[in-house]
Protein chains: 2
Amino acid sequence: MAEAPAQDRGARSRDAILDSAGELMSRYGYAATSISMISAECGLPASSIYWHFGSKDGIYVAVLERARTALLTALPPAEVPGADVAERLDAFLAEVQRAFHRQPHGLKLLLGLGMVQQDASAAAVAEVHHYRDALVAWTRDALSAVFRLHDRPQVADELARFTLRMASGTVVARWFDPSAVMDTGALHVALLALAAHHDVLVHGTSGEGSRSRDVTDRE
Amino acid sequence: MAEAPAQDRGARSRDAILDSAGELMSRYGYAATSISMISAECGLPASSIYWHFGSKDGIYVAVLERARTALLTALPPAEVPGADVAERLDAFLAEVQRAFHRQPHGLKLLLGLGMVQQDASAAAVAEVHHYRDALVAWTRDALSAVFRLHDRPQVADELARFTLRMASGTVVARWFDPSAVMDTGALHVALLALAAHHDVLVHGTSGEGSRSRDVTDRE
DNA sequence: GTCTATACCAAGATAGAC
DNA sequence: GTCTATCTTGGTATAGAC
């Protein structure tokens, strides 16, 4: 077809705009990112940006949507391999850490833009919640598989909430100290203890302390 | 004296401006809060705001500074009462929760504005870090007292980091779901387990977690 | 210290040629 | 789909009377 290249160019421009916008918005936040900054970053004029997305809010929604699908396709398995709890928990935490490490803006976007909800459009608010809900669901399902919690949904919920708050807190810590990383070692210990506290069977390793099962303690 | 009332009026205006600015900035973020919004909220004209603070950045620094001193004077005791670890930990967590509950904007400010560091002035960045450092120090000292960690500073650091990330994560959770609160129960279990994991003596009490405390692992 | 009025500029957004 | 040029609004910030 003769029009394929044209469509291609448009699609690539669209991606370039989203790349620039995502980078800038995750860095400076939505309000502090201007169309001209995006234009300067990606090389296309402001009017092209408006042609693709219609409004600043439209860019915001598209950026979030792309970040969400990228994150979720990077987190395929809700079922976690491993014979016992400790092994599955390690696999889960490794997955979390890898996703965390490979999605530098995704989470900052969710956090930084989530704050702005109050003045954002309905579509933007919906997309933020969609993103958040997907993360919650994945975490709950994965932890449910790790600890075999199919009959204890409220426990799975608590563990997921705990894990996500830890992850959010780490994102926050990273903008004070960019070298901060997820402390999966501490999270491992904490999740085992929480599970044991709710009388979840954590067979195999000795009790919930499980010092034998160290992940990658950095020091 | 005849000038006292004038000084008073100025001081009260200054406070009113800071109240409005703090409220708006913790809600919408620094960039999305305009001088006219602050002016409308507190009733004083924009020029008065500039007379008091010189620039938008000046307001930002003053707001942060006031939030920091307010929070820190609300957290007086670095030493925590209690005969055993579980009791002191409960006292500590109660203190954290009370501070969390009574400082609705303080932490949101620190988080929301912390993100904006990249484009903020040097004074603003310094104030944000000052605030953050004060929080870290208080938490570390308090936990050090709870667990008697004077000779294990790196363990105190890890516990403090864990606690603060949990608190930050809860602040984030609150702007998705305003009814979210600090889960001090889970934090209690997790901190005890982390301390035990580092071979910190957590003698005998069964805390609130009945069965969470029976592992006095030896190395 | 507080007000009215205003300078100045960058923001978001659009028009219309190509 | 992309460009140049432009409109409008609202932003930060200041001048100067009171």
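A, B, ... follow the sequence lines: proteins, then strands. Residue 1 opens every chain.
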Open item on the list: Whether B/K56 engages the ring of B/Y50 as a cation-pi pair (distance to the six-membered ring centre under 6.0 angstrom, angle to the ring normal within 45°) should be assessed.
Closed with: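 That pair does not qualify as a cation-pi contact.
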Task: Under 4.0 Å protein heavy-atom contacts per nucleotide of nucleotides 12-18 of chain D, with B for base, S for backbone only and - for none - done: SBBB---
What is the distance from [atom1] of [X] to [atom2] of [N], rounded to the nearest Å?
X     : N      : atom1 : atom2 : result
B/R12 : C/dT2  : CZ    : P     : 10 Å
B/L44 : C/dT4  : CG    : C1'   : 14 Å
B/Y30 : D/dG11 : OH    : P     : 14 Å
B/R14 : C/dT2  : CZ    : P     : 12 Å

Task: Presence of salt bridge, B/D177 and A/R132, under 4.0 angstrom - done: no
- [ ] Report the C-alpha distance between B/D19 and B/R66 in whole Å, list the side-chain angles of each, state the deciding distance to 0.1 Å, and finish with yes or no for salt bridge (Lys or Arg N to Asp or Glu O under 4.0 Å).
- [x] CA-CA 10 Å; B/D19 287 344; B/R66 206 184 54 160; 2.8 Å; yes
Please list, one pair per line, the donor and acceptor atoms closer than 3.5 Å that link side chains of residues 133-142 of chain A to other protein atoms, with sequence neighbours excluded.
residue : atom : partner : partner atom : Å
A/W138  : NE1  : A/L75   : O            : 3.3
A/W138  : NE1  : A/P77   : O            : 3.4
A/T139  : OG1  : A/L135  : O            : 2.8
A/R140  : NE   : A/D157  : OD1          : 2.7

- [ ] Using distance alone, with no hydrogens and no angle criterion, decide if B/H130 and B/E65 have a side-chain donor and acceptor under 3.5 Å apart.
- [x]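 No, no side-chain donor-acceptor contact under 3.5 Å.
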Open item on the list: Checking contacts here: which listed nucleotide (C/dC3, D/dT2, C/dG1) is nearest the side-chain heavy atoms of A/W51?
Closed with: D/dT2
- [ ] Might you point out which heavy atoms bring B/V128 and B/L110 nearest each other, and give the distance in Å?
- [x]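 Heavy atoms of B/V128 and B/L110 come nearest at O-CD1, 3.8 Å.
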